[in-house]
Amino acid sequence: QVQLKESGPGLVQPSQTLSLTCTVSGLSLTSNSVSWIRQPPGKGLEWMGVIWSNGGTDYNSAIKSRLSISRDTSKSQVFLKMNSLQTEDTAMYFCARSWGYGGFLFDYWGQGVMVTVSS
Amino acid sequence: DVQMTQSPSNLAASPGESVSINCKASKSISKYLAWYQQKPGKANKLLIYSGSTLQSGTPSRFSGSGSGTDFTLTIRNLEPEDFGLYYCQQHNEYPPTFGAGTKLELK
């Protein structure tokens, strides 16, 4: 059974760095790719970036300068780090398996973790 | 980036009815359009991809159509569990982009 579960702080201060973890079970990270996707309250979904099964990464150019995605395959964990947080980064953050041609489909999702950026 | 525009934003219907949700891309995405369902407390669910291919486990009352820039999700004979949010997403090119969503509510 495939499961993804996000974890991290619920509250981050402006200008600080956000660190999130996605713990994956039922999938090997060496043969599967994982994306981070976020959703501000009441708004649509925004793809943030992906770590491919070979360990390479791609990021949304809109946030590329602030974002880093990495992984620990031995722990089946994927990490997101985003710096210089602002209030507009307040959102639900999801991790999801990237699947299909190009890896742009998302067939398994975590339930998300809500992050609020506030002082 | 490809902009995805969904309509309507809100839709009210009763169980047993049929509804359609539209999605328009800012440029041609061939057939590469996916639909997701979002419900509170549950993981997002991939329903349809490549315009009309049902993901494993998606009930046959769901169907997708369209190509190029215009796509439609149709749900026939609505069941109580179908009410929620629906998002379209283009999977033709980087970066993948989503519509703003359609809220399907019980009338």
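FYI, side chains are in, hydrogens and waters are out, and symmetry mates aren't considered; it's all heavy atoms of this structure. Just so we're on the same page: letters track the sequence lines, and every chain starts at 1.
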Handout entry: Closest-packed option against chain A by number of heavy-atom pairs under 4.5 Å, given Leu46(B), Asn92(B), Asp1(B)
Key = Leu46(B)

Would you tell me whether [X] and [Y] have side-chain atoms, one donor and one acceptor, within less than 3.5 Å of each other?
X	Y	value
Thr102(B)	Gln6(B)	yes
Ser19(A)	Lys81(A)	yes
Tyr36(B)	Gln89(B)	yes

Practice task
Look at Tyr59(A), Phe106(A), Trp99(A) and state which one has the largest set of heavy-atom pairs under 4.5 Å with chain B.
Solution key: Phe106(A)

Exercise for the section: Pick one of side chain, backbone, both or neither for Glu93(B), based on which atoms fall under 4.5 Å of a heavy atom in chain A. Expected result: backbone

Exercise for the section: Can you tell which part of Tyr32(B) gets under 4.5 Å to a heavy atom of chain A, answering side chain, backbone, both or neither? Expected result: neither

Handout entry: Part of Phe94(A) lying under 4.5 Å from any heavy atom of chain B
Key = side chain

Problem - Listed partners of Ser20(B) passing side chain to side chain contact (heavy atoms under 4.5 Å, CB included), at least two apart - result: Thr72(B), Thr74(B)

Practice task
Look at atom CZ of Arg61(B) and say whether more than 12 heavy atoms of other residues, nucleotides or ligands are closer to it than 6.0 Å.
Solution key: yes

